[in-house]
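The chains referred to below are lettered A, B, ... by the order of the sequence lines, with proteins before strands, and numbering in each begins at 1. Predicted model only: the values in this text are computed from it and were never measured. Only this structure's heavy atoms are used, side chains among them; waters, hydrogens and symmetry mates stay out.
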Amino acid sequence: MIAVGAGTVLLKAVGPVAVSGRRLPPRIGELLEMVAPAILAALVVTETFASGRSLVVDARLAGVAAGIVAVALRAPLWLVVVAGALATALVRLLS
Amino acid sequence: MLRGARIGAPLFPAAAALGASFGVLARTAHFDALAAVIMSATTFAGSAQVAAVSVLGAGGGVAAAVVAALLLNARYVPIGITVAQSFRGHVLKRLAESQLVVDESWALSGGGTARFDRRVLLGVGSLLWVAWVGGTAVGALAGQAIGDPSKFGLDGAFAALFVALLAAQLTDRRRAAAAVGGAAIAAVLIPFTPAGIPIIAATAAVALGWRRS
């Protein structure tokens with residue numbers, strides 16, 4: 001577990017320690033602007049459908065659907081999270 | 001930082017519940033409570049800790065557990081690079097501050113965009129760290145009494161949270177293209193690669209949006 005901790009510290013530190021303070025060319029800045037949507041979209045997919053190495057449809061999809069509705073209705077963040085939990089738990093309970 | 005703590009406050013209960021879930025899992029994998037809390041305090045990376053402890057709990061080897069966890073955290077390299085320019089000062093200060101980077105603190109502080117605010121990241125990160133470590137302690141010590149909180153839809157809550165964080169990022173067509181590409185890459189790779197690889201490979205989708213500029 002020490003290896004996991006030390007490795008994580010290093011992975012998190014690479015950017016802020018090695019790249020910090022340098023001016024990056026504007027084209028690179030544009031590229032970096034798109035890292036967040038790409039990674040967050042990948043996280044949505046893995047958190048919703050991944051179960052080990054399989055893609056599965058389960059109660060989590062109800063949570064995501066509730067989350068999408070809540071976001072579309074401009075609900076505050078805490079409500080999005082609560083809606084996701086409730087919808088998932090409800091479908092799990094009923095199935 | 002206070003503003004960051006306020007922005008992160010809505011996530012406190014979910015982060016604490018996830019921490020408790022990790023604490024329960026660690027105990028069932030025969031970790032003692034102190035080890036679980038120390039791991040949360042020093043590693044501060046939910047999915048990687050869960051993966052490492054699950055592999056060990058299922059009788060997997062130490063090397064497999066370490067590799068699984070570090071692959072899941074590999075995304076912190078590109079994530080760290082997007083915010084690197086805002087981190088200034090002594091190397092130890094930057095090293096310490098970089099540990100408060102988690103998906104949620106990064107996304108809520110506008111990571112990678114011109115409006116990124118390092119202090120918001122540190123505020124959200126600090127608050128979630130307290131939730132995560134405190135939750136781990138509660139789960140590890142009182143897990144038998146409260147049961148595993150993950151069965152109450154916590155996984156769906158985090159999926160919904162990432163939907164909200166993603167929605168805030170979809171400000172123009174290039175970024176939407178990167179999101180669609182990232183999701184597609186992740187979906188295609190999940191069956192074929194260990195967890196973590198689909199997420200870091202998704203960063204290749206930035207090329208989709210880039211060519212349009």
Side-chain angles (χ1 to χ4, degrees), chain A residues 1 3-5 7-9 11-24 30-50 52-55 59-60 62-64 66-68 70-71 76-78 80-89 92, chain B residues 10 14 39 42-43 45 48 52 66 69-70 73-78 80-82 84 87-88 91 94-95 98-99 101 107 111-113 152-167 169-170 174-175 178-179 182-183 186-187 190-191 198-199 202-203 205-206 209-210 213:
Chain A
M1 291 309 99
V4 172
T8 301
V9 167
L11 289 168
K12 284 189 176 185
V14 168
V17 169
V19 191
S20 113
R22 273 182 227 167
R23 270 189 189 280
L24 299 168
E30 281 175 30
L31 205 58
L32 293 181
E33 284 229 342
M34 290 178 293
V35 172
I39 286 188
L40 288 168
L43 283 168
V44 169
V45 170
T46 54
E47 294 289 315
T48 308
F49 298 110
R53 284 203 193 174
S54 328
L55 289 166
R60 292 174 294 177
V64 166
I68 291 171
V71 168
L77 199 53
W78 68 267
V80 176
V81 174
V82 168
L86 285 179
T88 307
R92 205 160 271 162
Chain B
M39 188 186 188
T42 54
T43 305
V66 171
L70 294 185
N73 283 340
R75 69 180 182 281
Y76 286 119
V77 173
I81 290 172
T82 66
F87 285 77
R88 301 279 157 84
V91 62
R94 283 182 273 145
L95 179 70
S98 71
Q99 300 311 307
V101 177
T113 69
F152 301 122
L154 193 61
D155 47 358
F158 273 87
L161 167 62
F162 285 122
V163 168
L165 296 177
L166 171 63
Q169 296 283 338
L170 302 178
R174 293 179 311 136
R175 309 187 86 214
I190 285 168
I199 299 169
T203 55
V206 299
W210 205 27
S213 59

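- Once rounded to the nearest 0.5 Å, the distance linking CG of A:Leu77 with CG of B:Leu161 reads 5.5 Å.
- The contact between A:Ser54 and chain B is made entirely by backbone atoms, counting heavy-atom distances below 4.5 Å.
- Of the listed residues B:Ile81, B:Leu95, B:Leu70, the one with more heavy-atom pairs under 4.5 angstrom with chain A than any other is B:Leu70.
- Rounding to the nearest 0.5 Å places CZ of B:Arg94 at 13.5 Å from CD of B:Gln99.
- For B:Ala167, the part lying near chain A is the side chain, with the backbone staying farther off; criterion is any non-hydrogen pair under 4.5 Å.
- The candidate from A:Ala13, A:Gly7, A:Gly67, A:Ala41 with the greatest count of non-hydrogen atom pairs under 4.5 Å with chain B is A:Ala41.
- Within the 4.5 angstrom heavy-atom criterion, no atom of A:Ala59 approaches chain B.
- Among the candidates A:Ala87, A:Gly84, A:Gly63, the residue making the largest number of heavy-atom pairs closer than 4.5 Å to chain B is A:Gly84.
- Interface check for chain B: of the options A:Ile68, A:Ile39, A:Val82, A:Leu86, the most heavy-atom pairs under 4.5 Å are formed by A:Ile39.
- Of the residues listed (B:Val163, B:Ile199, B:Leu170, B:Leu165), the one engaging A:Leu40 in a side chain to side chain contact (heavy atoms under 4.5 Å, CB included) is B:Leu165, and it is the only one.
- Within the model, atoms CZ of B:Phe162 and OG1 of A:Thr48 stand 10.0 Å from one another, a figure rounded to the nearest 0.5 Å.
- With a 4.5 Å cut-off on non-hydrogen atoms, B:Thr82 touches chain A through its backbone and its side chain both.
- Note: A:Pro37 leads A:Ala38, A:Ala62, A:Pro37 in heavy-atom pairs under 4.5 Å with chain B.
- Of all heavy-atom pairs spanning A:Leu31 and B:Val206, the tightest one is CD1-CG2, 3.6 Å.
- Of the listed residues (A:Val71, A:Val44, A:Val64), the greatest number of heavy-atom pairs within a distance under 4.5 Å of chain B belongs to A:Val44.
- Per-residue counts of heavy-atom pairs under 4.5 Å with chain A were compared for B:Ala14, B:Ala45, B:Ala186; the largest is that of B:Ala186.
- Across all non-hydrogen atoms, the minimal contact from B:Ala52 to B:Met39 is CB-CE, 4.3 Å.
- When all heavy atoms of B:Val91 and A:Val17 are compared, the pair lying nearest together is CG2-CG1, 3.6 Å.
- In this structure, the portions of B:Ala164 lying under 4.5 Å from any heavy atom of chain A include both its backbone and its side chain.
- Listed here is the closest heavy atom pair of A:Arg60 and A:Phe49: NH2-C, 3.7 Å.
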